[in-house]
**Q** 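Just dropping this structure here.
Everything numeric here is computed off the predicted structure, so don't read it as measured data. Naming: A, B, ... by sequence-line order, numbering from 1 per chain.
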Amino acid sequence: MRLSRYPLMTLKEVPASAEVVSQQLMLRAGMIRRLASGLYSWLPLGLRVLRKVERIVREEMDAAGAFEMLMPVVQPAELWEESGRWDVFGPELLRFVDRHHRGFCLGPTHEEVITDMARRELRSYRQLPVTFYQIQTKFRDEIRPRFGVMRSREFIMKDAYSFHLDQACLEQTYQRMYQAYAAVCSRLGLRYRAVEADTGAIGGSVSHEFHVLADSGEDAIAYADGGDYAANVEMASCAEPAQTRPAPAAELEAVSTPDIRSIEAISDFLDVRPDRCLKTLLVEGVESGMVALVIRGDHELNPIKAARLPGVATPLKMAEADKITAAAGCEPGFLGPVGLDCPVYADLAVSAMADFVCGANRVDQHLRGVNWVRDLPEPQFTDIRNAVDGDPSPDGRGTLRIARGIEVGHVFQLGSKYSESMGATVLDAEGREQPMLMGCYGIGVTRLVAAAIEQNNDERGIVWPTPIAPFTVLLVPINLHKSPRVQDACETLYTALQSAGVEVLFDDRDARPGVKFADGELIGIPHRVVIGERGLDAGTVEYRRRDAAESEDMPLAGLASALAEKVAAEMDQE
RNA sequence: CGGAGUAUAGCUCAGCCUGGUAGAGCACUACGUUCGGGACGUAGGGGUCGCAGGUUCAAAUCCUGCUACUCCGACCA
């Protein structure tokens with residue numbers, strides 16, 4: 001491609017609205033432009049990358065034995081009513097009516113549509129197992145779209161759905177998909193982790209998320225440094241504390257703590273460490289009442305674990321301030337479990353605490369030297385906190401570390417959730433009707449592009465992994481329009497690279513070299529060749545990898561094939 | 001949805017407090033000089049100052065309402 005004819009739309013300045021590097025660089029490199037909140041156009045340069053990611057995903061899906069198809073973006077409301085999700089999905093589902101007043105939605109995912117297809121077309125166990133996938137636009141009316149293409153309302157997803165007669169078969173395909181996802185991530189050149197995950201709105205039992213590691217990631221993941229355990233922090237279970245509870249040593253006493261409401265404040269005020277304090281939270285109960293959740297002062301409540309407790313409303317909802325005052329007789333800052341008239345759950349770590357500090361359920365007062373059994377009955381101890389760095393791994397092997405991740409993929413064993421509600425059955429070998437078991441598997445294709453940038457950039461711009469770079473070789477002439485020798489050498493090399501199948505970008509613009517170098521680095525082309533009079537005298541050109549600090553000379557003779565080899569070697573680096 | 005903030009040229013922003021004929025840098029057009037790390041000169045084009053109303057002789061500037069966007073808290077590929 002000749003750059004003089006290519007619509008390269010780079011920006012010198014960072015648009016004010018962009019907050020994460022991937023978004024800044026995608027805008028600056030001219031990959032995307034914003035149309036409205038959470039809606040982006042892909043410019044030619046960005047689309048080249050997107051298509052490459054799609055191609056890799058497609059290849060891995062095909063290799064895993066899945067069949068590509070394409071389903072509509074617009075879906076009829078009836079299907080969603082059948083599965084029961086029309087009422088459950090919430091405002092993220094963009095709904096509308098057509099001219100005949102029939103209800104529709106924009107597909108945020110396609111379980112309903114594929115299950116409808118499956119129940120019509122799959123009648124016999126002999127047709128199973130089978131997996132279908134599509135690479136297609138999804139729409140989710142996110143409350144707050146953020147980070148550019150990373151969390152947009154319209155995005156491209158690869159979604160796959162598998163159908164089975166029995167659990168063993170489902171597990172087999174699940175494993176195969178899991179492997180395919182791992183292959184996609186490594187072919188893309190990404191550092192990633194697969195972790196156990198919550199199933200959320202999609203439903204089902206077993207699920208794993210694939211996270212690209214990046215500090216800007218919205219999720220926290222926990223992984224063992226001495227074993228295989230890895231889970232989303234939402235899911236990571238916490239073991240019972242190793243140490244047993246010491247015997248009470250201090251007297252129970254009430255202390256005046258005027259306007260001291262947070263754990264931090266009370267810890268400073270009384271000079272006790274936060275891990276000697278209790279944090280008491282009131283949440284809505286299943287019926288009108290409330291439930292108290294007690295965790296150690298330095299820990300965080302895990303809302304997913306808490307919502308699973310009997311008697312606690314799902315999803316978890318913190319009690320309103322006025323309800324707390326009515327029930328406990330004080331404001332939220334002074335809550336404690338002593339004398340509280342409602343069910344109390346305390347975290348496992350709390351069971352090992354003695355002589356602790358907690359709120360007195362009276363304004364401006366806390367208790368210190370509090371002990372279970374002696375001062376108040378033991379509550380039910382259970383796991384309700386987030387795992388933290390340094391916790392022992394739940395499987396007993398190694399210590400947990402916490403890292404930030406961008407969720408780029410999610411695989412689920414759905415079981416019969418959709419096939420039962422929508423009547424998707426086949427006849428088994430004995431001629432009996434059986435609901436099919438299903439798996440579903442999603443990859444955020446547009447998000448993968450952003451995640452790749454998030455992980456591969458420097459102060460000058462993007463540093464593309466070769467397999468998804470928009471072009472693989474950048475050809476920069478010096479004084480192209482004045483030197484016939486440079487012009488000849490460039491034209492020859494350009495043609496040779498093209499016939500060697502290399503995606504070469506030839507910067508034949510009438511611009512100064514600095515501009516060309518800056519643009520080339522911004523858009524992240526992995527290999528750069530500079531051709532000038534200087535080198536031609538010696539029969540060499542200057543070569544530099546995008547991620548290298550220094551340039552090196554390469555002989556002009558045989559250059560095209562040497563470069564083609566370099567590129568090919570990096571194309572498939574699993 | 002709650003809280004905070006912003007809206008002036010294609011982009012980044014100044015001007016607003018203290019009302020008086022719309023500004024800078026970058027980008028764009030033309031010509032010239034320049035040409036190995038985002039050059040320079042000269043000349044240009046481009047704005048109903050988010051929208052609507054009000055106060056005033058006079059509003060980008062003060063007041064009211066609306067809209068859009070951004071940021072902070074509960075969802076997800």
Side-chain angles (χ1 to χ4, degrees), chain A residues 9-20 23 27-28 30 33-39 53 57 88-93 108-110 135-160 181 184 197-202 207 209-212 217-219 232 234 303-304 307 315-318 405-412 440-451 460-461 476-483 486 509-522 528 530-535 542 544 551:
Chain A
M9 296 176 246
T10 53
L11 261 31
K12 252 195 224 179
E13 285 173 288
V14 184
S17 55
E19 27 169 1
V20 291
Q23 185 185 11
L27 287 166
R28 285 227 293 139
R33 288 293 182 259
R34 199 188 71 106
L35 177 66
S37 177
L39 302 175
V53 173
V57 169
V88 179
F89 214 85
E92 230 179 285
L93 185 64
T109 175
H110 279 67
I135 296 177
Q136 183 242 25
T137 297
K138 300 283 186 256
F139 192 94
R140 293 183 191 177
D141 199 358
E142 297 277 352
I143 300 175
R144 189 146 83 84
R146 237 185 308 195
F147 306 147
V149 113
M150 195 99 87
R151 173 174 304 281
S152 51
R153 295 196 290 177
E154 188 176 305
F155 60 100
I156 295 175
M157 179 158 110
K158 186 286 305 177
D159 47 328
Y181 274 42
V184 166
D198 182 54
T199 51
I202 308 288
S207 100
E209 291 167 346
F210 285 75
H211 285 264
V212 169
E218 292 186 86
D219 284 277
N232 194 304
E234 296 174 348
I304 292 187
L316 192 73
K317 189 164 180 281
M318 303 302 286
I406 300 164
E407 183 192 350
V408 295
H410 203 160
V411 293
F412 301 81
C440 84
Y441 319 90
I443 288 184
V445 177
T446 38
R447 183 180 282 181
L448 262 178
V449 175
R460 293 183 170 172
V476 180
I478 303 293
N479 272 325
L480 179 68
H481 300 277
K482 287 210 173 148
S483 162
V486 169
R509 293 177 297 178
D510 185 14
R512 300 161 67 90
V515 174
K516 300 183 180 188
F517 294 150
D519 272 342
E521 281 154 356
L522 177 60
R528 184 182 77 187
V530 180
I531 298 187
E533 291 270 356
R534 254 193 237 163
E542 192 180 295
R544 180 131 146 206
S551 301

**Q** Just the rounded figure in Å: distance from C1' of B/C75 to CD of A/Glu407.
**A**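 From A/Glu407 CD to B/C75 C1': 11 Å.
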
**Q** Verify the contact: side-chain N or O of A/Ser37 to OP1 or OP2 of B/A68, cut-off strictly under 4.0 Å; return yes or no.
**A**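 No.
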
**Q** What does B/U29 pair with, Watson-Crick or G-U, if both distances are under 3.5 Å?
**A**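 For B/U29, the partner nucleotide comes out as B/A43, under the 3.5 Å rule.
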
**Q** Looking only at atom C1', what distance separates B/C11 and B/G73, rounded to whole Å?
**A**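 To the nearest whole Å, 31 Å.
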
**Q** If you only use heavy atoms from C-beta on, which nucleotide in B/C72, B/G38, B/A77 is closest to the side chain of A/Leu522?
**A**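 That would be B/G38.
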
**Q** Pick the closest RNA chain B nucleotide for A/Gln23 and for A/Arg528 by heavy atoms, then say which residue is nearer the 5' end.
**A**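 The 5'-side residue here is A/Arg528.
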
**Q** Could you work out the separation of B/A22 and B/C16 based on their C1' atoms and round it to a whole Å?
**A**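 Here B/A22 and B/C16 have their C1' atoms 13 Å from each other.
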
**Q** Would you kindly give the NZ-to-P distance between A/Lys516 and B/G38, to the nearest whole Å?
**A**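 For the pair A/Lys516 NZ and B/G38 P, the rounded distance is 14 Å.
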
**Q** Does A/Pro108 offer a backbone N or O that forms a donor-acceptor pair with the side chain of A/Arg140 under 3.5 Å?
**A**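 Between the backbone of A/Pro108 and the side chain of A/Arg140 there is a qualifying donor-acceptor contact (under 3.5 Å).
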
**Q** Can you tell me the base-pairing partner of B/C75? Count Watson-Crick or G-U wobble geometry only, both distances below 3.5 Å, and say none if there is no partner.
**A**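 Here B/C75 is not engaged in any pair, so there is no nucleotide opposite it.
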
**Q** Check whether any side-chain N or O of A/Tyr441 sits under 3.5 Å from a backbone N or O of A/Tyr181 as a donor-acceptor pair, and report yes or no.
**A**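 Checking the backbone N and O of A/Tyr181 against the side chain of A/Tyr441, no donor-acceptor pair under 3.5 Å is found.
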
**Q** Categorize A/Glu209 for me: base, sugar-phosphate, or nothing, with a 4.0 angstrom heavy-atom threshold over every strand shown.
**A**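 Nothing, no heavy atom under 4.0 Å.
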
**Q** Test salt bridge (Lys or Arg N to Asp or Glu O under 4.0 Å) on A/Glu521 and A/Arg528 and set out the steps.
**A** CA-CA 9 Å; A/Glu521 281 154 356; A/Arg528 184 182 77 187; 3.4 Å; yes

**Q** Base, sugar-phosphate alone, or nothing: which one does A/Lys482 contact when heavy atoms must sit under 4.0 Å apart?
**A**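 Here A/Lys482 touches the bases of the nucleic acid.
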
**Q** How would you label the contact of A/Ser152 with the nucleic acid (heavy atoms, under 4.0 Å): base, sugar-phosphate, or nothing?
**A**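 Base: the residue A/Ser152, judged by heavy atoms under 4.0 Å, touches a nucleobase.
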
**Q** Just the rounded figure in Å: distance from P of B/C76 to CZ of A/Phe139.
**A**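 Value for this atom pair: 16 Å.
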
**Q** If B/G36 has a Watson-Crick or G-U wobble mate with both distances under 3.5 Å, name it; if not, just say none.
**A**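 Because no pair has both required distances under 3.5 Å, B/G36 counts as unpaired.
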
**Q** State, to 0.1 Å, how close A/His410 and A/Asp198 come at their nearest heavy-atom pair, and which atoms those are.
**A**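 That would be CE1-O, 3.4 Å.
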
**Q** Would you indicate what A/Asp519 reaches in the nucleic acid, counting non-hydrogen atoms under 4.0 angstrom: base, sugar-phosphate, or nothing?
**A**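 Base contact.
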
**Q** Nearest whole angstrom, please: distance from the C1' of B/U34 to the CG of A/Asn479.
**A**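 Atom-to-atom, A/Asn479 to B/U34, this comes out as 11 Å.
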
**Q** From the set B/A77, B/C69, B/G36, return the single nucleotide nearest to any side-chain atom of A/Arg34.
**A**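 Closest nucleotide among those given: B/C69.
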
**Q** Given atom CZ of A/Arg140 and atom C1' of B/A77, what is their separation to the nearest angstrom?
**A**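 Rounded to whole Å, this separation is 6 Å.
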
**Q** Is A/Lys138 reaching over with its side chain to a backbone N or O of A/His110, donor-acceptor style, under 3.5 angstrom?
**A**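 Not confirmed, A/Lys138 side chain does not pair with A/His110 backbone.
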
**Q** Output the single nucleotide from B/C35, B/C76, B/C1 whose closest atom is nearest the side chain of A/Ile143.
**A**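 Shortest atom-to-atom distance from the side chain points to B/C1.
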
**Q** Could you check which of B/G73, B/A77, B/A39 has an atom nearest any side-chain atom of A/Arg144?
**A**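 Nucleotide nearest to A/Arg144's side chain: B/G73.
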
**Q** Is the NZ or CZ atom of A/Arg460 both under 6.0 Å from the centre of the six-membered ring of A/Phe517 and within 45° of that ring's axis?
**A**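 The answer is no, since A/Arg460 fails at least one limit relative to A/Phe517.
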
**Q** Would you measure the distance from the C1' atom in B/A14 across to the matching atom in B/C76 and give it in whole Å?
**A**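 That atom pair is separated by 41 Å.
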
**Q** Counting Watson-Crick and G-U wobble pairs only, both distances under 3.5 Å, name the nucleotide matched with B/C51, or none.
**A**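 Its partner is B/G65.
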
**Q** Suppose we call a contact any N or O donor and acceptor under 3.5 Å apart; does that hold for the side chain of A/Arg151 and the base of B/C76?
**A**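 Indeed there is one.
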
**Q** How does each nucleotide of nucleotides 8-13 of chain B score, in 5' to 3' order, for protein heavy atoms under 4.0 Å: base (B), sugar-phosphate only (S), or none (-)?
**A** ---BSS

**Q** With a centroid cutoff of 5.5 Å and a plane-angle limit of 30°, would you call A/Phe155 stacked on B/A77?
**A**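 Yes, A/Phe155 stacks on the base of B/A77, since the ring centres sit under 5.5 Å apart and the planes are within 30°.
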
**Q** Taking only N and O in the side chain of A/Arg146, is any of them less than 4.0 Å away from OP1 or OP2 of B/U70?
**A**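 It does not, given that no N or O in the side chain of A/Arg146 lies less than 4.0 Å from OP1 or OP2 of B/U70.
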
**Q** Within a strict 4.5 Å, meaning less than it, do heavy atoms of the A/Glu407 and A/Asn232 side chains meet?
**A**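 A/Glu407 does not reach A/Asn232 side chain to side chain.
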
**Q** Using every non-hydrogen atom in the two residues, find where A/Arg151 and A/Arg144 come nearest and quote the distance to one decimal.
**A**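 Between these two residues, the closest heavy atoms are CD-O, 3.7 Å.
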
**Q** Would you mind reporting whether A/Gln23 and A/Pro15 have side-chain heavy atoms less than 4.5 Å apart?
**A**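 Not touching, per the 4.5 Å side-chain cut-off.
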
**Q** To the nearest Å, how far apart are A/Phe147 CZ and B/C71 C1'?
**A**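 Taking CZ of A/Phe147 and C1' of B/C71, I get 10 Å after rounding.
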
**Q** Does any nucleotide pair with B/C57 by Watson-Crick or G-U wobble geometry, both distances under 3.5 Å, and what is it?
**A**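 B/G20 - that is the nucleotide pairing with B/C57, both distances being under 3.5 Å.
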
**Q** Just call it for A/Arg509: base, sugar-phosphate, or nothing, with non-hydrogen atoms closer than 4.0 Å on any strand.
**A**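 Result for A/Arg509 = nothing.
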
**Q** Using the P atom on both, measure B/G46 against B/G54 and round to a whole Å.
**A**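 Per the computed distance, 31 Å lies between those P atoms.
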
**Q** What is the pairing partner of B/A9, taking Watson-Crick or G-U wobble pairs with both distances under 3.5 Å in any strand?
**A**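 Pairing partner, where one exists within any strand: none, as none qualifies.
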
**Q** Using a cut-off of 4.0 Å on non-hydrogen atoms, how would the nucleic acid contact of A/Val515 be classed: base, sugar-phosphate, or nothing?
**A**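 Base, at least one base atom sits under 4.0 Å.
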
**Q** Using atom CD of A/Glu142 as one end and atom P of B/U70 as the other, report the distance to the nearest whole Å.
**A**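 Atom-to-atom, A/Glu142 to B/U70, this comes out as 13 Å.
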
**Q** From the list B/C71, B/G37, B/C1, which nucleotide is the closest neighbour of the side chain of A/Glu19?
**A**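 Closest nucleotide to the A/Glu19 side chain: B/C71.
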
**Q** Between B/A59 and B/U8, how far apart are the C1' atoms? Round to whole Å, please.
**A**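 14 Å, rounded to whole Å.
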
**Q** Please give the distance between the C1' atoms of B/C62 and B/C17 as a whole number of Å.
**A**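 To the nearest whole Å, 11 Å.
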
**Q** Would you check if the side chain of A/Arg447 reaches a backbone N or O of A/Met150 as a donor-acceptor pair within less than 3.5 Å?
**A**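 It does hold such a pair.
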
**Q** Quick check for you: among B/C75, B/G36, B/G37, whose closest atom lies nearest to any side-chain atom of A/Arg460?
**A**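 Nearest to the side-chain atoms of A/Arg460, counting from C-beta on, is B/G37.
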
**Q** Tell me: CZ of A/Arg28 to P of B/A27, nearest whole Å?
**A**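 Answer to the nearest Å: 14 Å.
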
**Q** Is there a side-chain contact between A/Asn479 and A/Glu533 in this structure, where contact means two heavy atoms from C-beta onward sitting under 4.5 Å apart?
**A**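 Not in contact.
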
**Q** Using the P atom on both, measure B/U48 against B/A9 and round to a whole Å.
**A**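 Per the computed distance, 9 Å lies between those P atoms.
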
**Q** Looking at the side chain of A/Lys12, which of B/C26, B/G37, B/A77 is the nearest nucleotide?
**A**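 Side chain of A/Lys12 sits closest to B/C26.
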
**Q** Does B/U70 pair with anything, Watson-Crick or G-U wobble, both distances under 3.5 Å, and if so, with which nucleotide?
**A**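 Partner of B/U70: B/A4.
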
**Q** Out of B/U70, B/G36, B/G37, which nucleotide sits closest to the side chain of A/Phe517?
**A**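 Ranking B/U70, B/G36, B/G37 by closest atom to the A/Phe517 side chain puts B/G37 first.
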
**Q** For B/G25 and B/G65, measure between their C1' atoms and round to the nearest Å.
**A**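 B/G25 and B/G65 have their C1' atoms separated by 36 Å.
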
**Q** Quick check: on RNA chain B, is the nucleotide nearest A/Val445 upstream (toward 5') of the one nearest A/Gly38, or the reverse? Name the residue that is more 5'.
**A**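 It is A/Gly38 whose nearest nucleotide is closer to the 5' end.
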
